[in-house]
Amino acid sequence: MKTFQDKVFALVSRIPRGRVSTYKAIADKIGVKAYRAVGQVLKKNPYDSVPCHRVVCSDGSLGGYHGIASSKKKMILLKKEDIKIKNNKVEDFEKRIFIHY
DNA sequence: GCTTTGACTCTCG
DNA sequence: TCGAGAGCCAAAG
């Protein structure tokens, strides 16, 4: 844990299965307001091992981990993780969001 | 070393 | 309720 992105990956990796998190939560936990930087780093995904599909927008929508929330495969993947997508948004998002303690 | 970009978020009309 | 604009920060060019 040293650079900004390392923190991001560390936090994202800590998201357990069946839970989701938001860019804001991650950035806030890190201590910065670089919400956009979080998404940007995730998109590059150098480690290629972070569950980026578990990171969504603050309002529960997929946001655009794949350009835009149009990749239904990701939705299915989330569904398999017990995360259901309703109307392009995470069902019970506020209850499923994972807070990094 | 400055400028541009981006998978965001908030506020206002 | 929805769309547009502004603000924020870090990484890449």
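Note that these values count all heavy atoms, side chains included, but never hydrogens, waters or copies made by symmetry. Source: prediction; values computed, not measured. Here is the naming used below: chain letters follow the sequence lines, and residue numbers restart at 1 for every chain.
- Minimum atom distance to the side chain of A:Ser58 is reached by B:dC10, of the listed B:dC10, C:dC9, B:dC8.
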Only pairs under 3.5 Å count here: list side-chain donor-acceptor contacts from residues 91-98 of chain A, not counting sequence neighbours, and write none if there are none.
unit_1  : atom_1 : unit_2  : atom_2 : d
A:Arg96 : NH1    : A:Asp82 : O      : 2.9
A:Arg96 : NH2    : A:Asp82 : O      : 3.1

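- Nearer the 5' end of DNA chain B, as judged by each residue's closest nucleotide, is the contact made by A:Val38, out of A:Val56 and A:Val38.
- Qualifying side-chain contact (heavy atoms from CB on, under 4.5 Å) partners for A:Lys33, counting only residues two or more places apart in sequence or in other chains: A:Tyr35.
- What separates NZ of A:Lys24 from P of B:dG6 is a distance of 23 Å, to the nearest Å.
- Across the protein-nucleic acid pair, A:Leu42 atom CG and C:dC9 atom C1' stand 15 Å apart, rounded to whole Å.
- For the pair A:Phe4 CZ and C:dA12 P, the computed distance is 12 Å after rounding to whole Å.
- Taking only side-chain atoms of A:Lys44, from C-beta outward, the nucleotide of C:dA11, B:dC10, C:dA12 with the closest atom is C:dA12.
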## Note on the structure
A correct 5'-to-3' footprint of nucleotides 1-8 of chain C, with B, S and - meaning base, sugar-phosphate only and no protein heavy atom under 4.0 Å, is -------B
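- The shortest distance between the side-chain N/O atoms of A:Thr22 and the OP1/OP2 oxygens of B:dC8 is not below 4.0 Å.
- Put simply, the side chain of A:Pro51 reaches to within 4.5 Å of the side chain of A:Val12, judged on heavy atoms.
- A:Asp28 meets the side chain to side chain donor-acceptor pair (under 3.5 Å) test with no other residue; sequence neighbours excluded.
- We find that CG of A:Leu11 is positioned 21 Å from P of B:dA7, with the value rounded to whole Å.
- Atom SG of A:Cys57 is separated from atom OH of A:Tyr23 by 6.0 Å, given to the nearest 0.5 angstrom.
- Computed from coordinates, the A:Lys43 NZ to C:dA11 P distance equals 14 Å when rounded to whole Å.
- What separates CG of A:Asn88 from C1' of B:dA7 is a distance of 14 Å, to the nearest Å.
- Following rounding to the nearest Å, A:Gln40 (CD) and B:dA7 (C1') show an atom-to-atom distance of 9 Å.
- With sequence neighbours left out, A:Lys43 forms a side-chain contact (heavy atoms from CB on, under 4.5 Å) with no residue at all.
- The side chain to side chain donor-acceptor pair (under 3.5 Å) search around A:Glu81 returns A:Arg54, not counting sequence neighbours.
- If A:Asp59 and A:Ala37 are placed on DNA chain B by their nearest nucleotide, the residue sitting closer to the 5' end is A:Ala37.
- Residue A:Phe93 contributes atom CZ, which lies 12 Å from atom C1' of B:dT9 at whole-angstrom precision.
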